[in-house]
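As structure tokens, the structure follows; a few thoughts come after it.
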Amino acid sequence: MTDKRFHLSWFMNFTPDEWREPFGNGGTPWDGEFYIEMAKMLDRACFDYIMIEDKLMVPEIYGGSRDLALKAAMIAPKHDPAPLAVAMGMATQHLGVIATMSTMAYPPFMLARLSSTIDSLTKGRFGWNVVTSAEDLAAQNFNMDALPPREQRYAMADEYMEVVHKLFESWEPDAVVLDRENGVYADPSKVHTIDHKGEFFNVRGPLNTVPSPQGKPVFVQAGASPRGRDFAATHADSIVSVANGIEGMKAFRDDIRARAEKLGRNPDDIKVLFCITPTLGETEKEAREKYDRVMMSDNFVTDILVSMSGITEIDFAQFDLDKPLPEKLVTNGESGTLDKFQQWGSGKTLRELAADSGGGMVSSLELIGTPDQVAERMGDAMAEVGGDGFLVTTPTLRVSRRYVVEVTDGLVPALQKRGLMRTEYKHKLLRDNLREF
Ligand SMILES: Cc1cc2nc3c(=O)[nH]c(=O)nc-3n(C[C@H](O)[C@H](O)[C@H](O)COP(=O)(O)O)c2cc1C
């Protein structure tokens, strides 16, 4: 019998939960308990990992001020993902925990040390979502007036990766000998400086942490541009993406695998996960009504436009909601995200684009129905795409406890029943679980 299993992970952020909604938690999860509980639910449901999004600014693009972003709690307030990853990892047994950290923000030595430490604390289940940051407002928090152009951001990120790899390798795997008799903790001949002198970084090394269980964190990446895809194909253990339908998913995965092969990597070592937002109900009709209700809610359009403005640094408040966008928009920020959102040439109004983005911006596939219907569709889609898996998320990245339960206790059993998802973890390390199938 062929193995039809695929990987399932979740993408969220350390912001308020669905605080305005009837089944929300009220908006004050800042002690992390709400998300620790969520991580335990995903652990029980055999998810591969939970990934925490991050941005390093308070947006003030939509409407030209911070007001609407703060009122809606979109993008800000947001707490640091790294401590939450530790808390979630230490409260679970098998689930991988991924924190987003920007190559623009952390000096490579700090990033390597932090990742190594968290990997040890979580017994080999830590991953790093490698981002380069895409906003002038973020750059201005790090001694710059504006974001460097994309090409330079990636050139810097290439060297950054070279440095962190050297740092992770600065301790040989068997450098810690723990020889009590001879009084040797670490063998000095197995710990090396890296003496890196490059265009952007000068780092002496060695790292001052012991090798962590995985040696290096799992690397996650979301490059979408040709440059970004090459970067991801070079470094990533898992790539997360939003695609247009089954054909779009297949084309993206085939492209990544071809790039990886060209770069001398085994494409099977890279798990490409596509964002989805299943809407689940007792009946298909109920699920459809739920979907329509969310998309038409007063708050939804504003939330989406505040978020889009923050990410692309384009003020969507300047455009008429009931007309198509007047011109094709471009950004030095997340251009792939912008292109998917604006659907240039479709003739859709901005309101329609915002509503669509519930399905289009975060979802690679329409999934509305009972758990059995959605599981069936996911299985069919994955069979056509060729494999790897999905990343569950929501358009605002927020969650309610009820939504998590619908997925973990409704959808997951339906997937497991069909042999589409693991029913138990086979390995201790996140990288091994990712490579199991
Ligand atoms: C699923 C997903 C998650 C992402 N998470 C983040 C994030 O947490 N922080 C961030 O700054 N960028 C994030 N990005 C943006 C990517 O890192 C990347 O900049 C974007 O996909 C555009 O690709 P490009 O840089 O090749 O144009 C994410 C993108 C996707 C598709």
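Numbering of ligands and ligand atoms starts at 1, following listing order. Values below: every heavy atom of this structure, side chains too, minus hydrogens, waters and symmetry copies.
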If you count the atoms of ligand 1 from 1 in the order shown, which ones are under 4.0 Å from a heavy atom of C275? 1 (C)
Interfacing atoms of ligand 1 (cut-off 4.0 Å, heavy-atom, Y154): 24 (P), 25 (O), 26 (O)
Between E162 and K197, does any NZ, NE, NH1 or NH2 come within less than 4.0 Å of an OD or OE carboxylate oxygen? no
Identify whether the distance between the nearest side-chain nitrogen and carboxylate oxygen of R259 and D255 falls below 4.0 Å. yes
Checking heavy-atom distances from atom 22 (C) of ligand 1 to each of A138, S241, A99, A224, the winner is A224
ring-ring contact (aromatic ring centres under 6.0 Å, His included): pairs with one or both residues in residues 94-120, sequence neighbours excluded: H94-Y425
Nearest to atom 16 (C) of ligand 1 by heavy atom, A134, A222, A157: which? A222
Any idea which atoms of ligand 1 are less than 4.0 Å away from a heavy-atom of T100? 7 (C), 8 (O), 9 (N)
Those atoms of ligand 1 less than 4.0 Å from some heavy atom in G228: 26 (O)
Could you list the atoms of ligand 1 found under 4.0 angstrom from a heavy atom of S225? 24 (P), 26 (O), 27 (O)
Result of checking R5, K250, R253 against D388 for salt bridge (charged side-chain N to carboxylate O under 4.0 Å, His left out): R253
Classify the ring geometry of H165 against H235: parallel below 30°, tilted from 30° to 60°, perpendicular beyond 60°. parallel
Counting only heavy atoms, tell me which of E53, E334, R150, R153 gets closest to atom 13 (C) of ligand 1. E334
What residue and heavy atom of the protein are closest to atom 3 (C) of ligand 1, and at what distance? F11 CZ, 3.3 Å
Does ligand 1 have a heavy atom under 4.0 Å from the side chain of N129, from its backbone, from both, or from neither? side chain
The closest protein heavy-atom partner of atom 17 (O) of ligand 1 is V131 CG1, 3.5 Å
For A287, all residues meeting side chain to side chain contact (heavy atoms under 4.5 Å, CB included), sequence neighbours excluded: I368
Give the ring-plane orientation class for W128 versus Y160, where under 30° counts as parallel, over 60° as perpendicular and anything between as tilted. tilted
For the residue pair Y35 and F14, categorise the inter-ring angle as parallel (less than 30°), tilted (30 to 60°) or perpendicular (more than 60°). perpendicular
May I ask you to identify the nearest protein heavy atom to atom 11 (O) of ligand 1, giving residue, atom name and distance to one decimal place in Å? K55 NZ, 3.0 Å
When you measure from atom 9 (N) of ligand 1 to every protein heavy atom, which one gives the shortest distance, and what is it? D54 O, 2.8 Å
Charged N-O contact under 4.0 Å between R431 and D269: no
